[in-house]
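All residue numbers in this chain count up from 1 along the given sequence.
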Amino acid sequence: MAIMTELDLIRSLYNQQLPKTYNEVSDLFESNYIKLSKLIPPLELLQENHVLRQNGENNLYLFVESKSPYTSIYTLTHKLKSGNGLVCRPDLKFKVFFDAKLVEAISICNEHVMNKNHPFLSQCSDMDIQWELNVFLQRWLEYCSSKYERQNWETFC
């Protein structure tokens with residue numbers, strides 16, 4: 001009997017995953033829109049950057065990257081102290097489709113794929129990559145909603 005290596009185990013786990021469909025990813029976009037709408041006041045009205053402050057927690061920043069009547073791009077992040085000053089993490093950039101009520105994660109920490117060293121990344125479809133990014137967005141929105149519950153957003157420059 002052959003001993004299973006770590007790479008064999010990863011391949012086995014990966015092959016058990018069914019590829020994500022457009023409908024599954026689209027449902028996730030819709031779910032993220034609902035979660036985002038509960039965390040942030042009406043995005044279509046925001047024209048400036050905002051911050052959410054909570055005692056004992058890192059401030060949560062919302063940057064308006066681009067704005068149009070039907071779609072806009074935002075970044076939601078914490079500014080964390082590091083040896084070199086401040087670093088923004090997770091620096092989550094997303095696009096909101098107001099007419100369709102969808103949110104699509106574009107990047108996390110300026111990378112389009114969270115696990116760029118995954119041994120089977122070349123076998124991932126675009127839908128699988130979209131799923132990975134947007135599941136991260138969903139979980140982070142849930143985390144932020146629980147941490148910053150009942151706090152008010154403030155504008156900042």
Side-chain angles (χ1 to χ4, degrees), residues 14 17-82 84-118 120-157:
Y14 180 79
Q17 300 284 328
L18 293 175
K20 297 302 174 198
T21 65
Y22 174 80
N23 286 338
E24 289 171 311
V25 173
S26 182
D27 288 345
L28 188 55
F29 288 0
E30 185 177 350
S31 172
N32 284 344
Y33 182 88
I34 293 166
K35 290 180 186 317
L36 188 68
S37 297
K38 290 178 182 176
L39 176 66
I40 301 172
L43 285 169
E44 58 273 7
L45 302 178
L46 297 181
Q47 300 294 325
E48 301 168 315
N49 298 330
H50 281 71
V51 62
L52 194 56
R53 301 177 199 281
Q54 169 82 346
N55 289 334
E57 299 293 336
N58 292 309
N59 293 339
L60 183 61
Y61 293 89
L62 177 69
F63 297 101
V64 180
E65 304 288 340
S66 70
K67 192 95 174 119
S68 73
Y70 301 105
T71 62
S72 293
I73 297 176
Y74 304 91
T75 298
L76 193 61
T77 191
H78 289 140
K79 290 185 178 186
L80 307 172
K81 293 178 184 174
S82 91
N84 298 331
L86 291 176
V87 62
C88 293
R89 288 290 184 253
D91 205 28
L92 196 103
K93 188 175 285 195
F94 57 91
K95 186 173 190 174
V96 177
F97 300 85
F98 299 115
D99 53 346
K101 297 186 181 332
L102 302 174
V103 172
E104 175 186 6
I106 297 172
S107 67
I108 300 169
C109 301
N110 299 320
E111 298 171 9
H112 288 279
V113 179
M114 292 185 314
N115 189 358
K116 65 182 179 181
N117 296 320
H118 188 288
F120 305 109
L121 184 62
S122 63
Q123 298 171 19
C124 288
S125 71
D126 287 344
M127 288 295 122
D128 291 330
I129 292 169
Q130 280 295 326
W131 182 262
E132 180 180 343
L133 285 168
N134 285 282
V135 164
F136 183 91
L137 172 61
Q138 181 181 57
R139 290 184 180 147
W140 203 57
L141 290 173
E142 290 167 356
Y143 166 81
C144 290
S145 290
S146 69
K147 289 290 183 185
Y148 301 95
E149 189 173 43
R150 293 187 279 284
Q151 299 302 314
N152 294 319
W153 288 91
E154 307 167 19
T155 59
F156 79 97
C157 297

What one should report as the nearest heavy-atom pair of Thr77 and Pro90 is OG1-N, 4.1 Å
Enter the distance from Cys144:SG to Leu52:CG here, rounded to the nearest 0.5 Å. 8.5 Å
Give a yes or no answer on whether the side chain of Thr71 reaches the backbone of Val96 with a donor-acceptor pair at less than 3.5 Å. no
Asn49 (side chain) donor-acceptor with Val64 (main chain) under 3.5 angstrom: yes
Heavy atoms of Phe29 and Gln130 approach each other most closely as CZ-OE1, 3.5 Å
Looking at Phe63, Tyr61, Phe94, which hits ring pair (Phe, Tyr, Trp, His ring centres under 6.0 Å) with Tyr74? Phe94
Taking every non-hydrogen atom, the tightest pair across Phe98 and Ser68: CE1-O, 4.1 Å
Counting N and O atoms only, with roles assigned by atom type, does the side chain of Ser31 sit under 3.5 Å from a partner on the main chain of Asp27, one being a donor and the other an acceptor? no
Between Glu142 and Lys35, is any pair of side-chain heavy atoms under 4.5 Å apart? yes
Mark yes or no for whether Asn32, through its side chain, and Asn134, through its backbone, hold a donor-acceptor pair below 3.5 Å. yes
Result of checking Val103, Leu92, Leu36 against Leu141 for side-chain contact (heavy atoms from CB on, under 4.5 Å): Leu36
Over 12 non-hydrogen atoms of neighbours within 6.0 angstrom of NZ in Lys79: yes
Walk me through whether His78 and Asn59 qualify under side-chain contact (heavy atoms from CB on, under 4.5 Å). CA-CA 6 Å; His78 289 140; Asn59 293 339; over 6 Å; no
Determine whether Leu133 and Leu137 make a side-chain contact, defined as any pair of heavy atoms from C-beta on separated by less than 4.5 Å. no
Mind checking the CG-NE2 spacing from Asn152 to His50? Nearest 0.5 Å is all I need. 10.5 Å
Look at the side chain of Lys67 and the backbone N and O of Leu46, then say whether any donor-acceptor pair between them is shorter than 3.5 Å. yes
Does any N or O in the side chain of Trp153 come within less than 3.5 Å of the main-chain N or O of Leu39, such that one atom is a donor and the other an acceptor? yes
Please examine the side chains of Glu65 and Lys93, heavy atoms only from C-beta on, and report whether any two atoms are closer than 4.5 Å. yes
Quick check for you: to the nearest 0.5 Å, what is the distance between Leu60 atom CG and Lys147 atom NZ? 12.5 Å
To the nearest 0.5 Å, how far apart are CG in Leu28 and CG in Leu102? 10.5 Å
